[in-house]
Student: 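Okay, handing you the structure first.
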2 protein chains.
Amino acid sequence: MSPRPKIGLELTYILEAAGEIADQSGMQEVTLANLAKKLNIRPPSLYNHFDGLGGLRKKLAIYGIEKLYKELADAAIGVSGTDAVLALSKAYVHFARQHPGIYEATLMAPNPEDTEVQQAGAKIVDLTVRVLQAFELRGDQALHAVRGLRSILHGFSSLEQKGGFKMALDLDESLFLVIRAFLKGMTA
Amino acid sequence: MSPRPKIGLELTYILEAAGEIADQSGMQEVTLANLAKKLNIRPPSLYNHFDGLGGLRKKLAIYGIEKLYKELADAAIGVSGTDAVLALSKAYVHFARQHPGIYEATLMAPNPEDTEVQQAGAKIVDLTVRVLQAFELRGDQALHAVRGLRSILHGFSSLEQKGGFKMALDLDESLFLVIRAFLKGMTA
DNA sequence: TATTTTAACTAATACTATTAGTTTTATCAA
DNA sequence: TTGATAAAACTAATAGTATTAGTTAAAATA
């Protein structure tokens, strides 16, 4: 049914290699030429594994979203209420710091409306919903709150990554204070 | 001292053309080839106006940041307190909606640490500081608050642009509710 | 009027993704 | 064991990209 490959490149292995390039040099260096070089194959061979550069970006986005989800879900184990939100937030920004390129890839899918990409992202939204459920927000309040939390986390990570925070002021302290204020304001 | 150009391409005119391409087709379509075609010149001629694609991206980032600043500053005229923050927020997300490509360009400078880019961004930070001053936050609280507000605005705009908000729930309502909650939580 | 400077140009190079067609090799079925 | 199949590599070629070098035309200045 399925013959064994000559070299045997697993898709996951390829995506890990692409992720390393992204983290080390940024997404603009994730080219088919650079990826092929890292894998010791020729660029056209990559078309056997995904549909060109666009296909790679899509698969890498999903790979990154799922990797982020795992860390978020793990951070949310055994905690609840404000502690859970803070743990989730900490895990989020830490992921963006440790994997700047993969985090970048997360946002670089050719079509963010793509079903597979949406499904991967939906898991993170669901996780956020669950973590916020302890606050017993009424009606649409819960949905607005999810949008707010996601905005803070993504905005904070993105600005931090782009060097937007110049003040000599502890970053995690800012994040925690902002998250606490947001939760207090939403529930009060 | 300065002879008149043959065609007379002003840098601002070039950046406006680049901005139109960005808004209509996205930043990935802002290539020297496409820009030259729109201006009816040959790609190498563009090197007389900026230092290659990287130089264009930098100048377009500054152009976009200044354009955004003008709209924010205008929105903050004649209002104070919560109203001022809401007006600023509304102007911010509206800019990102009306000029998705230019907003994207704002974040795509080759080196965000570049002095000129930083200076342009500093004006927006200063504006945010001033708008938040009415809340009389103590010490570092004010600085943390600026980071929080910027994170919400950028995160919200970025997620909205990437199609991250799928629920049938009014977007501006979300934004205003989140901003109000944040302000309440920071000042309470 | 002569000089200088700006900003266009052409031609060439190196890199990119991509397609077409080929070859190697492992697996499966007879 | 052998023959067919299918995966996944390959080479060669093409089109599009940024970029550099060197040239030319025209406008402004002295």
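Throughout, a chain's letter reflects where its sequence line sits, starting with A, and its residues are numbered from 1.
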Student: How many Å lie between CG on B:Leu53 and C1' on D:dG16, as a whole number?
Tutor: 14 Å
Student: Which nucleotide in the set C:dC9, D:dA18, C:dA20 lies at the smallest distance from any side-chain heavy atom of A:Pro44?
Tutor: C:dA20
Student: Less than 4.0 angstrom between a side-chain N/O of B:Ser45 and OP1 or OP2 of C:dC9, yes or no?
Tutor: yes
Student: May I have the step-by-step check of side-chain contact (heavy atoms from CB on, under 4.5 Å) for A:Phe135 and A:Leu183, ending in yes or no?
Tutor: CA-CA 9 Å; A:Phe135 293 87; A:Leu183 291 177; 3.9 Å; yes
Student: Using the ring of B:Phe165 (Phe, Tyr or Trp, six-membered ring only), decide whether A:Arg147 places NZ or CZ under 6.0 Å from its centre and within 45 degrees of its axis.
Tutor: yes
Student: Between atom CG in B:Leu32 and atom P in D:dT17, what is the gap in whole Å?
Tutor: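 Distance check: B:Leu32 CG to D:dT17 P gives 10 Å.
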Student: Can the positive tip of A:Lys59 be found less than 6.0 Å from the middle of the six-membered ring of A:Phe50, inside 45° of the ring normal?
Tutor: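 Negative - A:Lys59 is either too far from the ring of A:Phe50 or too far off its axis.
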Student: By nearest nucleotide on DNA chain C, pick out whichever of A:Asp51 and B:Asn48 is the more 5' one.
Tutor: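 Looking at DNA chain C, the more 5' nearest nucleotide goes with B:Asn48.
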Student: From the options C:dT18, D:dT19, D:dT17, select the nucleotide whose nearest atom is closest to the side chain of B:Ala33.
Tutor: D:dT17
Student: OP1 or OP2 of C:dA8 sitting under 4.0 Å from any side-chain N/O of B:Arg42?
Tutor: no
Student: Would you indicate what B:Thr31 reaches in the nucleic acid, counting non-hydrogen atoms under 4.0 angstrom: base, sugar-phosphate, or nothing?
Tutor: sugar-phosphate
Student: Is there a side-chain contact between A:Tyr47 and the phosphate of D:dA8, meaning an N or O under 4.0 Å from OP1 or OP2?
Tutor: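 The answer is no; no side-chain N or O of A:Tyr47 sits under 4.0 Å from OP1 or OP2.
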Student: I'd like to know if the side chain of B:Gln118 and the backbone of B:Pro112 have a donor-acceptor N/O pair within less than 3.5 Å.
Tutor: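 The answer is yes, because a donor-acceptor pair under 3.5 Å joins these two groups.
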Student: Expressed in angstrom and rounded to an integer, what is the separation of B:Lys58 atom NZ from D:dA18 atom C1'?
Tutor: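 After rounding, the gap between these two atoms is 19 Å.
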Student: Quick one: is D:dA9 close enough that its OP1 or OP2 comes under 4.0 Å of any side-chain N or O from A:His49?
Tutor: yes
Student: Treating A:Ser45 as the side-chain partner and A:Ile41 as the backbone partner, does any N or O pair qualify as donor plus acceptor under 3.5 Å?
Tutor: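 Checked: no pair found.
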Student: Nearest-Å distance, CG (B:Asn40) to C1' (C:dC9)?
Tutor: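 Between C1' of C:dC9 and CG of B:Asn40: 14 Å.
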Student: How many whole angstroms separate atom CD of A:Gln28 from atom P of D:dT17?
Tutor: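 So the CD-P distance, A:Gln28 to D:dT17, works out to 19 Å.
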Student: B:Ile41 side chain: which of C:dA17, C:dA8, D:dA18 is closest?
Tutor: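 Nucleotide nearest to B:Ile41's side chain: C:dA8.
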Student: Nearest whole angstrom, please: distance from the P of C:dT16 to the CG of A:Leu35.
Tutor: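 Answer to the nearest Å: 12 Å.
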Student: To the nearest Å, give me how far apart NZ (A:Lys37) and P (D:dC10) are.
Tutor: 14 Å
